[in-house]
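First listed ligand is number 1; within each ligand, the first listed atom is number 1.
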Amino acid sequence: MSFLKRISVVGLGFVGLSTAVYLATQGYNVIASSKQQRKVKLIKSGIAPFFEPELEPMLKTVLKNKKLRAVVGRKTAVLNTDATFITVGTPSLSDGSTDLTFVQEVSKEIGEALKLKQSYHLIVVKSTVPPGTTENVVKPILEKHSRKEAGEDFGLAMSPEFLREGSSMYDVANPDRVVIGEFDKRSGDILEELNRKLYKNKVPILRMSLPSAELAKYASNAFLATKISFINQIANICERISGVDVVEIAEAMGLDPRIGPGFLKAGAGWGGSCFPKDAKALVAISRKLGYVSKLIEDVISINFMQARHMVELAEEELGNLEGKKIAILGLSFKPNTDDIREAASLRIIELLLSEGAKVTAFDPVAIGRVKKVLGDRISYANNVYECLENADCCMLVTEWDEFKKLQPSDFIKWMHKPLLIDGRRIYDPMTFSKRLKLRAIGLHRLSEENK
Ligand code: UGA
């Protein structure tokens, strides 16, 4: 069953474009489709519409090799390929539940194209969707508009994506596991074979029902968010005990294989396009089912409290923040991306502004995006030093490599009062606290004689 040679990817966000480019590097003929003309134009000229390390050179190569073609229409994409991956966005509605508009739209368009197609076609949902969506939303729309039957005339599967922004090209080539939810055996077999070839039989492939695959994604993201909120709570306990450091606690915990070291970095809180959206969606999904998932609800509120906690640390040192100049280092929700969706920086900045503080921010790549959201409510610096200049307090919010290189002398030289709040634990407390006032997440305030 090795007919899968041509694959279309519909929806060109992080998941879609990374998947499309990766498949093209592996020799598949890929048609990447987006409704956004501007995006398609950029991709055609070899420019990634967002900052993602390694993506652009690979995109340029697959365009040059003619392995990837970007198109606006869905019809061309479906008619000229053997399988279509749906990777459109599934944003949150105001009540936290999932907006399936794009999934519905694209299912209709794919269905209409399928109607014109003679041969078998496999449709794979990769967007994060609530359990039941593939079977009860996507399938009926596809069948209605194609006048064909799932499992007979076309295949249907759901395979969640676990890649991370900032390392998406690595992740897409090196998954820990592949989850395949299948409507029917044939669809699962084809997708399994594709993945076996891609990952040379080295990656576990789990086959399950469609709703299990759908829920597996929410459960994974919610668990990772839980781990972070958990360690952030431990961090807050650590701060109250002299001589205790959350970094040491996390290391001690992480070496237990039952716990594992990943996602135990305490900090200013989690953000991004996935954890906040998926955690809220899981709460909404379970409420709809008549069950209150108290743990996940708390995980979300603990995350909001962590932003407030960053501001409280500044207040403990400076008192009232009215008129105080606060320098924010790092705006993206994590390093190596310009994505600012639900970034901890934005929550912290809003709180600082509501306290009357004056905020100046610097980020290596995300300033443009923040300007669109915050406009002239804050000032933007062209580099770290400009950001630190005359500041009463500096908050390290995103752990970009260039911030890790800063020395105590950099803060002392430029700031009005050198007070540093390390929201990602990148600075050595002993070295820094000897030279300046340091507060760090998960660390008791160091004694006065250290300063
Ligand atoms: C996350 C998941 O890690 C991916 O597996 C998943 O595919 C993706 O969501 C998605 O659903 O599309 P991503 O949002 O790109 O990936 O970023 P992460 O690396 O998971 O980081 C999320 C947030 O958690 C960031 O704000 C980061 O700063 C924070 N974080 C992470 C911590 O505060 N502590 C940690 O130890 C790890």
message = Using a strict threshold of under 4.0 Å (side-chain N to carboxylate O), is an ion pair present between Glu355 and Arg308?
response = yes

key: Backbone or side-chain N or O of Leu224 under 3.5 Å from ligand 1 N or O   = no

ask   = Taking both backbone and side-chain atoms of Lys265, is any N or O found less than 3.5 Å from an N or O belonging to ligand 1?
value = yes

message = Salt bridge check, Asp245 against Arg425: does any charged N sit closer than 4.0 Å to a carboxylate O?
response = yes

key: For atom 3 (O) of ligand 1, closest protein heavy-atom neighbour   = Arg164 CG, 3.4 Å

query = With a distance cut-off below 6.0 Å to the six-membered ring centre and an angular limit of 45° from the axis, does Arg341 pair with Phe333 as a cation-pi contact?
reply = no

request  = Could you check atom 30 (N) of ligand 1 against the protein and tell me its nearest heavy-atom contact, residue, atom and distance included?
outcome  = Ile228 CD1, 3.4 Å

key: Salt bridge flag under 4.0 Å for residues Glu342 and Lys277   = no

task = Give the contacting part of Phe275 toward ligand 1: side chain, backbone, both or neither, where contact means a heavy-atom distance below 4.0 Å.
result = side chain

query = atom 26 (O) of ligand 1: which protein heavy atom is closest, and how many Å away?
reply = Phe333 O, 2.8 Å

ask   = Can you find an N/O atom of Leu163 closer than 3.5 Å to an N/O atom of ligand 1?
value = yes

remark   = For Asp256, the salt bridge (charged side-chain N to carboxylate O under 4.0 Å, His left out) test, sequence neighbours excluded, returns Arg258

task = Would you confirm whether the ring centroid of Tyr380 sits within less than 6.0 angstrom of the ring centroid of Phe362?
result = no

inquiry  = Which of the numbered atoms in ligand 1 are under 4.0 angstrom from any heavy atom belonging to Phe162?
reply    = 4 (C), 5 (O), 6 (C), 7 (O)

request  = Give the contacting part of Gln306 toward ligand 1: side chain, backbone, both or neither, where contact means a heavy-atom distance below 4.0 Å.
outcome  = neither

note = Residues Arg74 and Gly11: closest non-hydrogen pair is NH1-N, 4.2 Å

ask   = Which atoms from ligand 1 have a heavy atom of Arg424 less than 4.0 Å away?
value = 28 (O), 33 (O)

message = So if I count the atoms of ligand 1 from 1 in the order they appear, which ones are less than 4.0 Å from some heavy atom of Leu264?
response = 36 (O)

ask   = Does at least one non-hydrogen atom of Gly271 fall below 4.0 angstrom from an atom of ligand 1?
value = yes

ask   = Centre of Tyr28's six-membered ring, under 6.0 Å away, within 45 degrees of the axis: is that where NZ or CZ of Arg6 sits?
value = no

key: Partners meeting side chain to side chain donor-acceptor pair (under 3.5 Å) with Lys67 (sequence neighbours left out)   = Asn29

message = Is the ring pair Phe411/Phe432 parallel, tilted or perpendicular, if the boundaries are 30 and 60 degrees?
response = perpendicular

inquiry  = Quick test: of every protein heavy atom, which one is nearest to atom 37 (C) of ligand 1, and how far off is it to 0.1 Å?
reply    = Phe263 CD2, 3.4 Å

task = May I ask you to say whether Lys404 pairs ionically with Glu399, meaning some side-chain N is under 4.0 Å from a carboxylate O?
result = no

task = Return a yes/no value for Asn221: is any of its N or O atoms, backbone included, closer than 3.5 angstrom to an N or O of ligand 1?
result = yes

ask   = Where's the contact between Lys217 and ligand 1, heavy-atom distance under 4.0 Å: side chain, backbone, both or neither?
value = side chain

query = Among protein heavy atoms, which sits nearest to atom 10 (C) of ligand 1, and what does the distance come to when rounded to 0.1 Å?
reply = Cys274 SG, 2.8 Å

ask   = Among all protein non-hydrogen atoms, which one is nearest to atom 15 (O) of ligand 1, and what is the separation to 0.1 Å?
value = Glu165 N, 2.7 Å

ask   = Taking distance alone, with no angle check, do Lys334 and ligand 1 share an N/O pair under 3.5 Å?
value = yes

